[in-house]
Amino acid sequence: MTWNEDSGTVSRSFDDWKGSDGENRAFLRLSAQWSDKAYRQAWDDAQESFAARLDPDRHYGDEHVDMFDDAVDGLWPTAYAWITEASVVKNAVTAFEVYLEKALHEAVGKTIGPDGHKHTVRLATPQHLESPTWATLVTAHKILGTTVNTDEVKWARNLRHLLTHQNGELRTEDALTQFRDVDAERDKEEIDRAYVGGKVSLGVPRVLKILDSLAEVTRAADVPVWGLCWDRTGHPHWGEIVTKLHQQKCVVFEPV
């Protein structure tokens with residue numbers, strides 16, 4: 001038996017991640033559907049309300065725009081979409097990191113240590129923190145056989161940092177270069193392109209591409225994780241892997 005997503009031959013951690021990934025994709029899709037309908041209704045209501053009391057001698061004719069703005073508290077559709085897309089990116093990157101940690105917990109668990117005795121194995125964690133460092137996760141999964149810190153993952157984590165700590169603001173030319181979506185800007189006017197001081201451009205296609213790149217790494221990582229979780233008796237490098245994890249200070253052995 002080998003790892004197979006279609007048949008559910010995956011780790012429990014992968015099942016949890018897959019649920020989160022599905023929720024993020026559904027949230028992105030449903031939010032767009034529901035918000036489009038609600039915004040159209042708010043716009044139509046503003047037009048109808050203004051038309052019912054239009055006085056050519058007192059009104060300019062576009063006051064319904066202000067009425068719409070009041071109805072949505074200034075949150076126009078483009079801003080709503082950006083907030084939705086940013087939240088999906090942040091959630092997706094976090095879910096990816098959570099998977100990497102939970103998968104390692106699941107893979108090692110209680111095992112036989114280098115000294116031949118059974119131990120409880122836990123991931124090495126900085127004092128006063130509950131989760132290991134990113135470096136520990138990367139090193140541990142590398143020992144298991146997967147490179148999880150790909151260029152796409154690095155970029156996605158940097159974007160999550162930009163969205164979380166700078167609300168997506170492109171403060172420098174370097175940030176603009178790193179996060180600009182050149183392909184999406186080809187048909188845009190100069191005024192609609194990303195600029196220093198503005199917010200990073202997202203959009204559904206770009207967000208889905210990020211989710212897909214994280215999913216690709218997650219699936220690759222789960223193959224060796226599943227092998228360690230559920231095929232230990234036949235895993236030829238089990239002892240070697242656990243020893244390397246300990247030597248690289250990725251795990252700590254505690255007597256049972």
Partners passing salt bridge (Lys or Arg N to Asp or Glu O under 4.0 Å) against Glu216 (at least two apart in sequence or in another chain): none
Salt bridge (Lys or Arg N to Asp or Glu O under 4.0 Å) against Lys199, all qualifying residues, sequence neighbours excluded: none
Using the test side chain to side chain contact (heavy atoms under 4.5 Å, CB included), find all partners of [X] that sit at least two apart in sequence or belong to another chain.
X: Gln41; value: Asp45
X: Val153; value: Phe96, Trp134, Asn149, Thr150, Arg157, Leu214, Val217
X: Ala86; value: Trp82, Leu163, Leu202
X: Pro126; value: Leu129, Thr133

Check against side-chain contact (heavy atoms from CB on, under 4.5 Å), Trp17 and Lys102: CA-CA 10 Å; Trp17 166 84; Lys102 290 177 67 175; over 6 Å; no
Can you confirm whether [X] sits close enough to [Y] that some side-chain heavy atom of one is under 4.5 Å from a side-chain heavy atom of the other?
X: Lys37; Y: Gln33; result: no
X: Leu104; Y: Leu137; result: yes
X: Asp174; Y: Phe179; result: no
X: Leu144; Y: Leu245; result: yes
X: Arg180; Y: Thr177; result: no
X: Asp70; Y: Met67; result: no

Same apolar cluster: [X] and [Y], side chain cutoff 4.5 Å:
X: Val98; Y: Leu211; value: no
X: Val204; Y: Val88; value: yes
X: Val242; Y: Val252; value: no
X: Phe27; Y: Ile83; value: yes

Those residues that, when tested against Lys209, pass side-chain hydrogen bond (donor to acceptor under 3.5 Å, both in side chains) (two or more places apart): none
Sequence-distant partners of Thr172, side-chain hydrogen bond (donor to acceptor under 3.5 Å, both in side chains), two or more places apart: none
Looking at every non-hydrogen atom in both residues, tell me the closest pair between [X] and [Y] and how far apart they are.
X: Thr139; Y: Cys250; value: CG2-SG, 3.6 Å
X: Glu169; Y: Leu162; value: O-CD1, 3.3 Å
X: Leu170; Y: Ala175; value: CD2-O, 3.7 Å
X: Ser131; Y: Thr125; value: O-CG2, 3.1 Å
X: Glu130; Y: Glu101; value: O-OE2, 3.9 Å
X: Glu85; Y: Val207; value: CB-CG2, 3.7 Å

ILVMFWY clustering at 4.5 Å (side-chain atoms), partners of Val182: none
Apart from Leu30 itself, residues in the same hydrophobic cluster as defined by side-chain heavy atoms under 4.5 Å: Trp34
Worked check of side-chain contact (heavy atoms from CB on, under 4.5 Å) between Leu208 and Leu28: CA-CA 9 Å; Leu208 289 176; Leu28 188 65; 3.9 Å; yes
Side-chain donor-acceptor contact under 3.5 Å, Thr94 with Arg160: yes
Any side-chain donor near an acceptor of the partner, Glu106 and Ser13, under 3.5 Å: yes
His165: partners by ring pair (Phe, Tyr, Trp, His ring centres under 6.0 Å), with sequence neighbours left out: His161
Result of checking Leu100, Thr136, Thr147 against His141 for side chain to side chain contact (heavy atoms under 4.5 Å, CB included): Leu100
Asp222 side chain to Val10 backbone, donor-acceptor under 3.5 Å: no
Report the distance from atom [atom1] of [X] to atom [atom2] of [Y], rounding to the nearest 0.5 Å.
X: Arg206; Y: Asp181; atom1: CZ; atom2: CG; value: 4.0 Å
X: Ile210; Y: Leu159; atom1: CD1; atom2: CG; value: 5.0 Å
X: Thr218; Y: Lys18; atom1: OG1; atom2: NZ; value: 12.0 Å

Evaluation steps, side-chain contact (heavy atoms from CB on, under 4.5 Å), between Leu176 and Tyr195: CA-CA 7 Å; Leu176 179 63; Tyr195 58 92; 5.5 Å; no
Within 6.0 angstrom of Arg12 CZ, more than 12 heavy atoms from elsewhere: no
Plane angle bin for Tyr39 and Phe68 - parallel if under 30°, tilted between 30 and 60°, otherwise perpendicular: tilted
Verdict with supporting geometry, Tyr99 and Val225, side-chain contact (heavy atoms from CB on, under 4.5 Å): CA-CA 11 Å; Tyr99 163 78; Val225 167; 4.1 Å; yes
Pairs satisfying side-chain hydrogen bond (donor to acceptor under 3.5 Å, both in side chains), at least one member in residues 19-28, at least two apart: Asp21-Arg25, Arg25-Asp212
